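One structure is given here, and the rest of the page talks about it.
Bear in mind the structure is a predicted one, so any value in this text is a computation, not a measurement.
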Amino acid sequence: MKTIAPETETEAEEPDFKPLTAEEAEQWRRRNPPISVWKVVAGQALVGMLVALVAWVLTGKASVGWSAAYGALAVVVPAALFARGVLRHKASAHPRAAMVGFFGWEIAKIVLTVALLAAAPRLVPGLSWLALLAGMVITMKTYWVALLVRPGVRKTD
């Protein structure tokens, strides 16, 4: 088997990686607490309501506001289902079971999202697909806002 030579000098250097001890890992966790999944879902719901309100105010049409709200709902409800399902089995003793549960809940989230989108024309009178899509996309991007608002991860000493 041939070995490919590194292209740059930095690739040739050994990575400077030092595993943390249990005490260092605990200190790192105390300095960088995890974000609550439920806070992210609540933030998504709040952003979805704001998007719907802005869509209604900008267009002057309630149907556009309802379309944007339904788009946000198509993100928030499946996300809440996923969070509930994954957190219920979070402390699983078997890593395989946790992984299968994660993928199972992800599939359930996708199926619910598709079902909600398929039902949209019947449930939202005067549906605006553009507003629905805007509500979905902006609500989904709330995850990034949660990461930006979170205090920066501090390095270990």
Side-chain angles (χ1 to χ4, degrees), residues 8 10-11 15 17 20 24-157:
T8 64
T10 56
E11 287 181 7
F17 177 77
L20 298 177
E24 290 171 332
E26 183 58 37
Q27 289 173 356
W28 185 88
R29 282 188 205 99
R30 269 189 261 123
R31 286 193 315 258
N32 302 291
I35 300 172
S36 167
V37 174
W38 295 112
K39 284 185 180 179
V40 174
V41 172
Q44 284 183 318
L46 179 65
V47 167
M49 286 188 289
L50 290 174
V51 168
L53 185 62
V54 167
W56 184 12
V57 168
L58 287 179
T59 63
K61 296 180 181 178
S63 63
V64 173
W66 284 112
S67 297
Y70 191 85
L73 182 84
V75 172
V76 173
V77 171
L81 173 74
F82 175 78
R84 170 73 173 99
V86 169
L87 291 178
R88 190 174 61 171
H89 297 291
K90 183 179 178 182
S92 177
H94 302 288
R96 278 196 185 125
M99 184 180 71
V100 168
F102 177 86
F103 285 116
W105 284 110
E106 182 65 27
I107 290 170
K109 181 174 105 170
I110 292 168
V111 168
L112 180 57
T113 301
V114 169
L116 286 169
L117 292 175
R122 288 187 300 260
L123 297 176
V124 182
L127 179 67
S128 166
W129 283 104
L130 185 59
L132 182 139
L133 184 62
M136 282 187 70
V137 169
I138 293 169
T139 303
M140 275 192 277
K141 297 304 176 187
T142 304
Y143 285 114
W144 289 104
V145 173
L147 290 174
L148 293 173
V149 171
R150 175 182 175 206
V153 176
R154 293 175 222 117
K155 293 183 180 181
T156 57
D157 296 325

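With rounding to the nearest 0.5 Å, the separation of CG in L133 from OG in S67 is 11.5 Å. Atom CG of L117 is separated from atom CG of L132 by 6.0 Å, given to the nearest 0.5 angstrom. Taken from CH2 in W38 to CG in L87, the straight-line distance is 6.5 Å, to the nearest 0.5 Å. Taking CG of L127 as the reference point, atom CZ of R122 lies at 11.5 Å (rounded to 0.5 Å). Distance OG1/T113 to CG/L73: 10.0 Å, rounded to 0.5 Å. Rounded to the nearest 0.5 angstrom, E106 CD and K109 NZ are separated by 4.0 Å.
Among all heavy-atom pairs drawn from W129 and P121, the shortest one is CZ2-CG, 3.7 Å. Taking each heavy atom of L116 and Y70 in turn, the nearest pair found is O-OH, 2.6 Å. Contact between T142 and V40 at its shortest, heavy atoms only, is CG2-O, 4.4 Å. V37 approaches A83 most closely through the heavy-atom pair CG1-CB, 3.3 Å. Between G65 and A55 the shortest heavy-atom distance is CA-CB, 4.4 Å.
Screening residues 96-118 for ring-ring contact (aromatic ring centres under 6.0 Å, His included) gives F82-F102 as the qualifying pairs, with residues at least two apart or on separate chains.
At least one side-chain heavy atom of V41 sits under 4.5 Å from a side-chain heavy atom of V76.
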